[in-house]
2 protein chains.
Amino acid sequence: MTGRQQRADAQRNYERILEVARTVVEEQGTQASLRDIARRAEVGMGTLYRHFPTREALLEALLRQRFDTLAARAEELEGADDSREALRQWLREFLSRASAYRGLSSSMMTTIGDEDSALHASCSAMREAAGRLVKRAQDDGHIRPDIDGMDVFALVSAVGWIAEQGPVVAGRRDHLFSLVLDGLAAGAVSGRAPRSAD
Amino acid sequence: MTGRQQRADAQRNYERILEVARTVVEEQGTQASLRDIARRAEVGMGTLYRHFPTREALLEALLRQRFDTLAARAEELEGADDSREALRQWLREFLSRASAYRGLSSSMMTTIGDEDSALHASCSAMREAAGRLVKRAQDDGHIRPDIDGMDVFALVSAVGWIAEQGPVVAGRRDHLFSLVLDGLAAGAVSGRAPRSAD
DNA sequence: ACCTGAACACCGTTCAAGT
DNA sequence: ACCTGAACACCGTTCAAGT
């Protein structure tokens, strides 16, 4: 689809930018300087904007493959015997990927509500596949019934966010992941009705 | 302590800046433009920097009173009958305060590891008081024993973070808060040993 | 078609010059 | 003592001019 019948220099620039962006975003997170990326790719600012009209478009290009892989993995795990363990395993892999770039959890969460974002489109198929894993674990009685895929996605992304907040808390990532997962298990439901905090 | 024997104009500027900062940070979050604050306070940039050498120092001045109040509230709740409900109540109030400014959860979490930050100092007394509430609830068997105050603080801050990520998820704040709290209750412990995700 | 880089309107931070 | 605002080194975004 993309990349067909482009001029050779355009093709080359596209790839150079993507390659450099991967490095820079790894270093600086999703808020990395676009100017810096253009500079290090030895490309004019206009060229970067031509290929990636928004920051999200660039991030999406960086992540599309991972999202597709994770979506495929979710479909694969739908066939597993233990639906509880399948969900746990998928979320573990998702968390690992979400920890690739600082700020990624936030970018994903924010774009959930923005239909126009390239990240939204790219991410939603994956989220739906994950939602089916949640549903199956619920049908088997492993996950409390009063939650949905979005709750699970939000909480695991939140653990990813915590890990980004500094070395002191980063070391607790896996522990917190376990806490959250345990908390979503059926049987942990409290009898108290929640009331608003403010 | 502070505010003693200052020149009248200095005192006035300090208060003006703080007042304007409250409004601007409410609007724009903790990443608000310092230039904008100085401009709206009708004060030179140097004046802002003289009174608040770092962004955190300004934020701390904005929040000190709230932190003190929350710390006092925690000590008050230490005397409550139901230690489980006391913790829940305190965390509810904390979450409400943490939702005052966009980015505040992140600022608090990040400065936990930075001893030099004004926010760190201001926040730590409150965190310690909250830690005692957690400890008491654990001693009474209401909270699982394999966690500490930092875990609880991180997870509830994470819920605050989620609520900042857009209107779609913001509506789930109280629901997610309940999920997390239920998950920390004793008896929800899983039998599986956690392993690293990457 | 595509690329370049200057131009514009913003930042945060510092610091000489003023009162 | 304290205040001011220009100066500096950065941004993101746009767009006329080039090939």
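No hydrogens, no waters, no symmetry mates; every other heavy atom, side chains included, goes into these values. Below, read A as the first sequence line, B as the second, and so on, with proteins coming before strands; counting in each chain starts at 1. Note that this is a predicted model, so its numbers are computed, not measured.
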Practice task
Round to a whole Å and report the spacing from CD of B/Gln31 to P of D/dC11.
Solution key: 16 Å
Practice task
Output yes when at least one side-chain N/O atom of B/Arg55 is less than 4.0 Å from OP1 or OP2 of C/dG12, else no.
Solution key: yes
Problem - Separation of D/dC3 C1' from B/Ile17 CD1 (nearest whole Å) - result: 10 Å
Exercise for the section: In whole angstrom, give the distance that lies between atom CZ of A/Arg50 and atom P of D/dA16. Expected result: 15 Å
Practice task
Looking at every strand, decide which applies to A/Ala8 at a 4.0 Å heavy-atom threshold: base, sugar-phosphate, or nothing.
Solution key: nothing
Handout entry: Electrostatic pair A/Arg84:A/Asp140 at N-O distance under 4.0 angstrom
Key = no
Practice task
Indicate, with a heavy-atom threshold strictly under 4.0 Å, whether B/Arg39 touches base, sugar-phosphate, or nothing.
Solution key: sugar-phosphate
Problem - Rounded distance (nearest 0.5 Å) linking atom CD1 of B/Ile17 with atom CD of B/Glu19 - result: 11.5 Å
Exercise for the section: Kindly say if B/Thr47 contacts the phosphate of D/dC2, meaning a side-chain N or O under 4.0 Å from OP1 or OP2. Expected result: no
Exercise for the section: Could you state the atom-to-atom distance from CZ of A/Phe52 to C1' of C/dC3 in whole Å? Expected result: 15 Å
Problem - Short side-chain N/O contact to D/dG12 OP1/OP2 from A/Arg35, under 4.0 Å - result: no
Exercise for the section: For A/Asp9 and C/dC3, give me the distance from atom CG to atom P, rounded to whole Å. Expected result: 5 Å
Practice task
Just compare D/dA6, D/dC2, C/dT4 and give me whichever is closest to any side-chain atom of B/Met45.
Solution key: D/dA6
Fill in the blank from the handout: note: B/Leu58, atom CG; C/dG12, atom P; distance rounded to Å ~ 11 Å
Problem - Position toward the 5' end of DNA chain C (nearest nucleotide), B/Tyr49 or A/Ala10 - result: A/Ala10
Handout entry: B/Arg132, CZ: over 12 other non-hydrogen atoms inside 6.0 angstrom
Key = yes
Practice task
In whole angstrom, give the distance that lies between atom CD of B/Glu56 and atom P of C/dG12.
Solution key: 14 Å
Fill in the blank from the handout: Rounded to whole Å, the CG-C1' distance (A/Leu34 to D/dT13) equals 10 Å
Exercise for the section: Quick one: sort the A/Tyr14 and A/His51 rings into parallel, tilted or perpendicular, breaks at 30° and 60°. Expected result: perpendicular
Handout entry: Presence of B/Asn13 side-chain N/O under 4.0 Å of D/dC2 phosphate oxygens OP1/OP2
Key = no
Problem - salt_bridge(A/Asp151, A/Arg144) N-O dist < 4.0 Å - result: no
Problem - Distance-only polar pair, side chains of B/Asn13 and B/Thr47, donor-acceptor under 3.5 Å - result: no
Completion exercise
Taking a pair to mean Watson-Crick or G-U wobble geometry with both distances below 3.5 Å, C/dC2 pairs with D/dG18
Problem - Under 3.5 Å on both distances, the Watson-Crick or G-U partner of C/dT13 - result: D/dA7
Exercise for the section: Just call it for B/Ala38: base, sugar-phosphate, or nothing, with non-hydrogen atoms closer than 4.0 Å on any strand. Expected result: nothing
Exercise for the section: Using only side-chain N and O atoms of A/Ser33, determine if any of them is under 4.0 Å from OP1 or OP2 of D/dC10. Expected result: no
Handout entry: Presence of A/His51 side-chain N/O under 4.0 Å of C/dC2 phosphate oxygens OP1/OP2
Key = no
Problem - Phosphate contact (D/dA1 OP1 or OP2) by B/Arg7 side-chain N/O below 4.0 Å - result: no
